[in-house]
2 protein chains.
Amino acid sequence: MGGPRFQPVRTVRAYERIVEQIEQAVESGELRPGERLPSERDLMVQFSVSRSTVREALRVLQARGMVRSRPGDPNGAEVLPFTPAALHKSMTTLARVDELSLAELVQFRMVLEGAAYLLAARLHTPSQLADMDAAIARMRAAEGEEAFGAADVDFHDAVARASGNKLILICSDVVRSIVLNLIADKIRAPELRSRSIAHHEEALAAVRAGDGPLAARLARQALSDFYSPYLPEGALDELLE
Amino acid sequence: MGGPRFQPVRTVRAYERIVEQIEQAVESGELRPGERLPSERDLMVQFSVSRSTVREALRVLQARGMVRSRPGDPNGAEVLPFTPAALHKSMTTLARVDELSLAELVQFRMVLEGAAYLLAARLHTPSQLADMDAAIARMRAAEGEEAFGAADVDFHDAVARASGNKLILICSDVVRSIVLNLIADKIRAPELRSRSIAHHEEALAAVRAGDGPLAARLARQALSDFYSPYLPEGALDELLE
DNA sequence: GCTAGTGCACTGGTCTGACCAGTAGGCTAC
DNA sequence: GTAGCCTACTGGTCAGACCAGTGCACTAGC
């Protein structure tokens with residue numbers, strides 16, 4: 001050993017270069033959400049490749065959720081604002097393929113929600129508290145399962161938003177929807193509702209009082225209560241004090 | 001209102017159907033990592049579509065990290081084990097496009113690492129403790145930045161693994177690498193090393209003693225210490241008691 | 001004048017068929 | 001027995017074509 005240090009080479013496909021270029025244009029702000037890409041036929045001229053190559057690049061970008069194309073649209077593909085759809089997709093795959101257990105997912109939710117409540121208790125603004133109040137009111141007023149669930153989601157969203165951390169917000173959202181999807185076939189007994197509302201109100205009171213640790217503990221406890229029927233005994237105990 | 005409830009329709013592209021079918025085959029275990037897909041020309045017969053359509057489907061699957069194809073490979077595309085690459089990608093985009101601040105990322109790390117230490121303190125096995133010891137030994141023995149960094153990563157990985165939660169492990173990993181990437185241009189002053197090692201050892205001692213809350217607090221504190229130079233004053237205080 | 005309807009030019013989705021540069025494995029010549 | 005060639009494949013790319021949609025300008029009718 002001692003000769004020149006060579007680097008492994010990798011052949012780069014044409015469509016990958018196109019993906020890179022468009023991706024960079026989006027990330028640098030040169031292309032903003034809502035704007036349109038040139039048509040595929042224009043792109044094939046600009047990149048001087050064939051249309052199939054352009055299309056493969058667009059498929060990759062579409063899979064990443066950065067772009068959407070609609071047949072017949074005279075304006076070409078639309079640049080989309082970032083959505084956690086791709087994040088959601090890969091986490092879902094992770095959950096399905098990589099033997100991620102429901103316990104792990106719920107535990108992760110407990111971690112995230114706990115942090116969200118902790119931060120929310122210290123950072124909340126009046127309007128965010130109002131959002132939480134409104135969500136609880138909607139939960140109480142809800143007629144069907146659907147409306148109740150939506151209001152429930154709104155509440156957790158408001159808390160996560162109050163945490164001031166977008167990553168917590170997005171990840172909570174993704175994991176929650178995956179978890180709910182996993183147990184969608186089992187029934188959410190309506191008699192749990194009043195208890196669920198009470199839990200939410202306690203946690204909200206702690207948030208309002210600025211008692212982060214208490215709010216976090218209540219939130220974890222509520223999650224543990226809610227999901228323990230679907231889990232082996234004691235699977236979530238580690239995160240409860 | 002009162003007529004039949006119609007559902008919005010969505011035209012489904014041919015390549016999407018192919019993606020679904022292959023994806024499902026992978027998720028159901030019918031196709032296992034390491035196995036090969038038929039060649040594109042075979043697939044076009046099986047799905048009775050053209051090769052371009054098959055290829056667009058493969059591009060999508062490849063973008064999701066489920067499949068890899070190599071020119072000339074007589075065996076067709078390879079089914080890959082799940083990697084967090086797609087997760088990594090979408091989180092990186094999130095960080096770049098969605099104005100995710102370094103503070104949010106580090107805060108998120110504090111949340112995850114805190115949880116990892118907390119769980120590790122309660123669930124660790126002897127061999128996992130040994131892994132952590134070994135990693136610290138490597139940190140101490142490291143000559144260059146690179147070796148030190150690698151050992152550091154190994155340590156955190158060992159802790160996350162000891163948490164027993166694969167989601168925490170993977171997400172910590174992803175977020176850590178994004179954060180390190182963001183501050184890669186700044187120097188990691190070598191004089192911080194001995195302090196960093198000391199921090200790790202304190203936290204490890206708490207883990208060994210089974211004191212989860214202490215371990216978690218030390219871990220958060222260490223992260224806060226390490227990253228505060230790159231952040232506005234007090235940006236991480238909310239998660240320190 | 002304005003609106004309703006009709007074309008048209010263009011889009012993306014798909015297909016066909018072709019070429020090229022790689023690869024792996026069998027075959028041949030030594 | 002082995003080194004090296006051959007071949008039958010592979011994926012990557014290209015060219016050209018058709019179709020069903022879409023939006024818009026234009027036009028016919030009021």
Side-chain angles (χ1 to χ4, degrees), chain A residues 6-23 25-26 31 33-80 85, chain B residues 6-23 25-26 31 33-80 85:
Chain A
F6 294 120
Q7 304 247 335
V9 294
R10 208 179 67 88
T11 62
V12 179
R13 282 92 212 232
Y15 68 86
E16 289 181 321
R17 307 226 82 119
I18 299 179
V19 168
E20 282 170 21
Q21 286 193 48
I22 297 182
E23 201 168 27
V26 172
L31 270 170
E35 289 194 271
R36 300 310 187 97
L37 254 43
S39 78
E40 295 180 359
R41 286 164 178 89
D42 281 351
L43 288 173
M44 69 185 257
V45 176
Q46 292 191 36
F47 290 112
S48 61
V49 294
S50 74
R51 213 179 132 210
S52 1
T53 304
V54 169
R55 283 182 60 77
E56 293 191 21
L58 290 178
R59 288 292 82 73
V60 174
L61 291 168
Q62 188 164 6
R64 297 208 180 132
M66 307 184 63
V67 130
R68 174 182 47 189
S69 39
R70 224 167 22 117
D73 189 331
N75 292 317
E78 184 183 358
V79 178
L80 297 176
Chain B
F6 294 120
Q7 303 250 333
V9 293
R10 206 179 67 88
T11 62
V12 179
R13 281 93 212 231
Y15 68 85
E16 290 181 320
R17 307 226 82 119
I18 298 180
V19 168
E20 283 170 20
Q21 286 193 48
I22 296 182
E23 200 168 29
V26 172
L31 271 171
E35 288 194 271
R36 301 309 188 98
L37 253 44
S39 77
E40 295 180 358
R41 288 165 177 87
D42 280 353
L43 287 173
M44 69 185 256
V45 176
Q46 291 190 36
F47 290 112
S48 61
V49 294
S50 75
R51 209 178 135 212
S52 5
T53 304
V54 168
R55 283 182 61 77
E56 294 191 21
L58 289 178
R59 288 293 82 73
V60 174
L61 291 168
Q62 188 165 3
R64 298 209 180 131
M66 307 184 65
V67 131
R68 174 182 47 189
S69 38
R70 220 171 23 118
D73 190 331
N75 291 318
E78 183 183 359
V79 178
L80 296 176

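- Within the 4.0 angstrom heavy-atom criterion, only backbone atoms of the sugar-phosphate kind lie near B/Thr53; the bases stay farther away.
- When all heavy atoms of A/Leu58 and A/Val67 are compared, the closest pair comes out as O-CG1, 4.4 Å.
- Minimum interatomic distance between B/Ala14 and B/Thr53 (heavy atoms only, all atoms of both residues): CB-CG2, 3.7 Å.
- Across all strands, B/Arg68 comes closer than 4.0 Å to no nucleic acid atom at all (heavy-atom distances).
- Shortest non-hydrogen contact noted between B/Arg36 and B/Glu78 is CD-CA, 3.7 Å.
- The two residues B/Arg13 and A/Ser69 come nearest to each other via the heavy atoms NH1-O, 3.5 Å.
- Using a cutoff of 4.0 Å between basic side-chain nitrogens and carboxylate oxygens, A/Arg64 and A/Glu23 are scored as salt-bridged.
- With rounding to whole Å, B/Tyr15 atom OH is found 16 Å from C/dC15 atom C1'.
- For the pair B/Met44 CE and C/dT16 P, the interatomic distance rounds to 7 Å; values are reported in whole Å.
- Contacts of B/Arg70 with the nucleic acid, taken as non-hydrogen atoms under 4.0 Å apart, involve only primed sugar atoms and P, OP1 or OP2.
- With rounding to whole Å, B/Glu16 atom CD is found 9 Å from C/dG13 atom P.
- Remark: B/Ser39, B/Glu40, B/Arg41 in residues 34-42 of chain B come within less than 4.0 Å of DNA chain D through at least one heavy atom.
- Here the shortest heavy-atom pairing between A/Val60 and B/Ala63 reads CG1-CB, 4.0 Å.
- For the pairing with B/Arg59, the side chain to side chain donor-acceptor pair (under 3.5 Å) check across A/Glu56, A/Gln62, A/Glu16 returns one residue only, A/Glu56.
- If you walk DNA chain D from 5' to 3' and mark each nucleotide with an atom closer than 4.0 Å to a heavy atom of chain A, the marks span D/dG12 to D/dG23.
- The interatomic distance linking A/Asp73 (CG) with C/dC10 (P) rounds to 15 Å, in whole Å.
- The nearest heavy atom of DNA chain D to A/Ser52 and to A/Gly72 marks one nucleotide each, and the one closer to the 5' end goes with A/Ser52.
- Side-chain atoms of B/Gln21 and B/Phe47, non-hydrogen and from C-beta on, do get closer than 4.5 Å to each other.
- A heavy-atom distance below 4.5 Å is found between the side chains of A/Gln46 and A/Pro38.
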